[in-house]
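Heads up: the structure comes next, in structure tokens.
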Amino acid sequence: MAYYEANKISYEIRGRTIFKEISFQLEQKEFVSLVGANGIGKTTLSKLMIGIQKPSGGEIRLDGVPVSEYALFEVGRKVGYLFQNPSCQIFCPTIMEELLFSLRFQGGETPEGRDRAVEMMRRFSLLDAQNSPTHCLSQGEKQRLALATILMNQPEYLMLDEPTTGLDQVRKTELGHYLQEIHQSGVGILMISHDQDFVKQMSQRILRLDDGGLYEED
Ligand SMILES: Nc1ncnc2c1ncn2[C@@H]1O[C@H](COP(=O)(O)OP(=O)(O)OP(=O)(O)O)[C@@H](O)[C@H]1O
Ligand SMILES: [Mg+2]
């Protein structure tokens, strides 16, 4: 069964067509990558999928329901979204506060929530950095914190916009392991990336945006 179905979606901005009548499906538990040149519309497409932006035409369904019929927070409960720049989504002064803030819609801070936050810090190697202000964290630490924060809510699906940006080889390999582990736990993943090796290594299927169309790669 597909968790995302996009039916002939188009997107125009200021008279310019970014893509036209593209259709695709993402199956349950699939790891799919979305690739294409800079400025081709990958981030835009992912934002349409979570309802932050609206398509000019066509319809996107999430779990069978048009995305336009969900409130943004309802999509947010199902889909964890990692922004292209992780600094955009970190706004609490400490790692612990950031992790716990993500639980605000689930009754806020509880002993179980704190346990989960500590477990996330351990899993994402953030324990050593826990006393640093979040704005002083390294790029890799910010990225791991953003991912850990998303996972606090146990999303069913993950959307990652260029998750390897700014990571060295060691951190990239480590991210690959985290993502594989998350995928194996049953989470469907859509990853936008320019990193061809990483894409090949991680994905079951590759979609390419090119010249207004979407194509399946062999
Ligand atoms: N709100 C907006 N107003 C004007 N133009 C926009 C807007 N959103 C996106 N665009 C334009 O749409 C095009 C696609 O942008 P998008 O960020 O989706 O590309 P991308 O494939 O993610 O690129 P990159 O690989 O550089 O991240 C760009 O030319 C961008 O300038
Ligand atoms: Mg982008």
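Note that ligands are numbered from 1 as they come in the structure, with each ligand's atoms numbered from 1 the same way. Start at 1 with the first residue, then count along the sequence.
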Measure up the Y3 and Y157 rings against each other and bin them: parallel (under 30°), tilted (30 to 60°), perpendicular (over 60°).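 Taking Y157 first and then Y3, their aromatic rings lie parallel (interplane angle under 30°).
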Polar contact flag, side-chain donor to acceptor under 3.5 angstrom, Q84-T43: yes
Taking only residues two or more places apart in sequence or in another chain, which ones pass ring-ring contact (aromatic ring centres under 6.0 Å, His included) with F19? none
For the atom pair OG (S33) and NE2 (H194), what is the distance rounded to the nearest 0.5 Å? 12.0 Å
Does this structure show an ion pair linking [X] with [Y], if we count only N-O contacts that are shorter than 4.0 Å?
| X | Y | answer |
| --- | --- | --- |
| E181 | R123 | yes |
| E74 | R77 | no |
| R122 | E119 | yes |

Counting only non-hydrogen atoms and a 4.0 Å cut-off, the residues near ligand 1 are I13, R14, R16, I18, A37, N38, G39, I40, G41, K42, T43, T44, Q84, H194
Counting backbone and side chain alike, does Q84 bring an N/O/S atom below 2.8 Å of the Mg ion (ligand 2)?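 It does; at least one qualifying atom falls short of 2.8 Å.
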At a threshold of 2.8 Å, where the distance has to be below it, does the Mg ion (ligand 2) have an N, O or S atom of N38 nearby?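 For N38, the answer is no, given that no N, O or S atom comes within less than 2.8 Å of the Mg ion (ligand 2).
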